[in-house]
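Encoded as structure tokens, the structure appears first; notes follow it.
Any value given below was found using the heavy atoms of this structure, including those in side chains, with hydrogens, waters and symmetry copies removed. Order of appearance sets the numbers: ligands from 1, and atoms from 1 within every ligand.
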Amino acid sequence: MSEDLIFDIKRYAINDGPGIRIVIFFKGCNLQCAWCHNPESISGKIEKMFAPAKCISCGSCVEVCPEKAITLTPEGILTDGDLCTVCGKCAEVCPTKAIEMSGKQMSVSEIMETIEKERIFFDQSGGGVTFSGGEPLVHTKMLIELLDECGRRGIHRAVDTAGNVSSDIILEVAKRTDLFLYDIKMMDSGSHQKWTKAGNGKILANLKAISEIDAHIIIRIPLIGGVNDTEKNIGYTAAYIAGLAGNKKEVHLLPYHNIAQHKYSKLGKLDDFETLRAPDNETLIRAIAKFAAYGIKAEIGG
Ligand code: SF4
Ligand code: SF4
């Protein structure tokens with residue numbers, strides 16, 4: 001059975017498919033969206049996260065580090081990234097969780113054991129498991145094994161994806177998926193490249209492909225002020241969705257907010273928060289009306 005890197009497991013989730021769900025977050029993505037709420041999901045490697053405000057300068061991490069990568073200075077601790085092997089020993093001894101490691105290697109059986117513990121909530125609420133990320137579809141082998149195992153056990157399976165993979169992969173996954181939560185960011189491929197570091201050709205083609213087999217799809221559109229909330233982009237997106245085959249489609253609009261800012265600073269990453277903003281209410285109302293004009297019911301959130 002496969003193993004892969006998981007960066008989070010969220011229980012009692014109610015916004016990632018029907019009912020009460022458990023969400024399994026794979027670490028590693030093939031897009032780099034400037035507004036990503038989970039910046040720790042992008043790299044497919046274990047990462048060290050540090051929150052200076054939580055550090056009490058106890059020195060435990062300095063003592064335990066086998067590589068002598070950490071120095072305690074009057075301004076707090078400093079880690080030499082060239083020496084650090086991300087072994088995680090410093091996080092184990094940190095009393096305040098100022099240091100945390102993101103990413104844990106887990107096997108299919110370990111994940112299934114975790115999923116099974118939630119079964120009572122699935123049964124009572126019509127819930128199940130949602131595989132998210134990062135991008136679950138780039139973890140193809142592990143994802144397919146998990147989907148098959150959940151299928152054997154009668155557990156509802158949702159896959160939260162941006163669809164930027166080959167059509168073979170998505171069609172293979174679709175055979176064992178009850179619901180896709182499918183992200184569309186913007187229709188212009190050049191802008192998509194600028195904001196996510198990849199064009200949208202495969203994404204749109206794959207959405208078309210799974211629509212043609214009448215997969216159950218909730219299309220999720222993150223709406224970011226100054227990026228994709230223009231009349232033109234919303235109109236093109238609505239027209240595209242209206243032209244897709246299949247009957248089981250809903251649209252959820254996800255207004256941007258900058259709740260992930262602290263995560264970027266913990267990872268020592270730069271963010272785009274200066275240029276990104278939440279869309280205003282007027283824009284959201286106009287977007288809903290635009291989708292309605294194409295016969296599509298769009299709702300906020302979900
Ligand atoms: S992760 Fe390991 S090598 Fe890196 S600073 Fe912590 S203890 Fe040292
Ligand atoms: S172990 Fe944690 S609290 Fe102590 S110095 Fe290191 S980071 Fe700060």
Side-chain angles (χ1 to χ4, degrees), residues 1-12 22-115 131-143 146 160 197 257-274:
M1 275 197 178
S2 300
E3 282 203 343
D4 216 322
L5 209 52
I6 304 297
F7 79 88
D8 198 8
I9 295 179
K10 186 166 88 181
R11 294 176 176 81
Y12 318 122
I22 184 166
V23 186
I24 310 295
F25 293 89
F26 284 93
K27 190 159 163 47
C29 188
N30 57 6
L31 297 180
Q32 287 181 50
C33 303
W35 52 86
C36 183
H37 286 164
N38 290 319
E40 73 276 37
S41 74
I42 294 172
S43 163
K45 295 180 179 162
I46 294 173
E47 289 174 287
K48 177 174 159 171
M49 299 175 82
F50 175 57
K54 290 189 183 172
C55 176
I56 54 169
S57 298
C58 68
S60 303
C61 56
V62 179
E63 279 170 38
V64 82
C65 177
E67 310 300 333
K68 305 278 176 257
I70 309 179
T71 317
L72 189 56
T73 74
E75 288 76 43
I77 63 156
L78 290 177
T79 301
D80 184 333
D82 291 335
L83 296 177
C84 175
T85 58
V86 288
C87 70
K89 290 196 166 68
C90 52
E92 281 169 23
V93 299
C94 178
T96 62
K97 295 204 181 303
I99 301 175
E100 289 180 284
M101 307 307 288
S102 175
K104 184 180 172 198
Q105 205 68 29
M106 290 186 79
S107 67
V108 170
S109 55
E110 281 174 301
I111 294 174
M112 287 310 303
E113 209 175 295
T114 309
I115 290 171
F131 296 103
S132 183
E135 173 51 70
L137 295 189
V138 300
H139 304 266
T140 318
K141 188 165 183 291
M142 174 90 155
L143 176 65
L146 284 164
D160 177 12
K197 305 281 186 268
H257 44 82
N258 69 356
I259 49 164
Q261 202 159 6
H262 68 287
K263 290 189 181 179
Y264 282 85
S265 80
K266 277 189 192 176
L267 286 163
K269 286 187 179 177
L270 293 174
D271 57 59
D272 259 313
F273 292 115
E274 294 296 309

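The nearest protein atom to atom 4 (Fe) of ligand 2, hydrogens excluded, is given as Cys58 SG, 2.3 Å; this is a heavy-atom distance. Scanning the protein for heavy atoms near atom 2 (Fe) of ligand 2, the closest one is Cys94 SG, 2.4 Å. The single protein non-hydrogen atom nearest to atom 3 (S) of ligand 2 is Ile56 N, 3.4 Å, given as residue, atom name and distance. At the top of the distance list for atom 8 (Fe) of ligand 2, counting protein heavy atoms only, stands Cys55 SG, 2.4 Å.
Side-chain contact between Lys10 and Ser132 is absent, with no heavy atoms from C-beta onward closer than 4.5 Å.
Excluding water, every protein N/O/S atom under 2.8 Å from atom 6 (Fe) of ligand 1 is given here by residue and atom: Cys90 SG.
Of the options Glu47, Gln105, Glu40, His139, a side chain to side chain donor-acceptor pair (under 3.5 Å) to Lys27 is made by Glu47 and by none of the others.
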Test log, rule side-chain hydrogen bond (donor to acceptor under 3.5 Å, both in side chains), inputs Thr73 and Thr71: CA-CA 6 Å; Thr73 74; Thr71 317; over 6 Å; no
Test log, rule side-chain contact (heavy atoms from CB on, under 4.5 Å), inputs Ile24 and Met106: CA-CA 11 Å; Ile24 310 295; Met106 290 186 79; over 6 Å; no
Intermediate values then yes/no, side-chain contact (heavy atoms from CB on, under 4.5 Å), Lys45 and Val86: CA-CA 9 Å; Lys45 295 180 179 162; Val86 288; over 6 Å; no
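A tilted orientation is assigned to the rings of Phe26 and Phe131, their planes being inclined by 30° to 60°. Relative orientation of the Phe7 and Phe25 rings is tilted, given thresholds of 30° and 60° on the angle between their planes.
Side-chain N or O atoms of Thr96 include one that pairs as donor or acceptor with a backbone N or O of Lys54 at under 3.5 Å. Checked by atom type and distance alone, the side chain of Asp80 pairs as donor or acceptor with a backbone atom of Asp82 at under 3.5 Å.
Interface of Ile77 with ligand 2, defined as ligand atoms under 4.0 Å from a residue heavy atom, comprises 5 (S), 7 (S). Close approach of ligand 2 to Gly59 is summarised as follows: ligand atoms under 4.0 Å from at least one heavy atom of the residue are 4 (Fe), 5 (S). Per-residue contacts place Thr96 under 4.0 angstrom from the following atoms of ligand 2 (heavy atoms of the residue considered): 3 (S).
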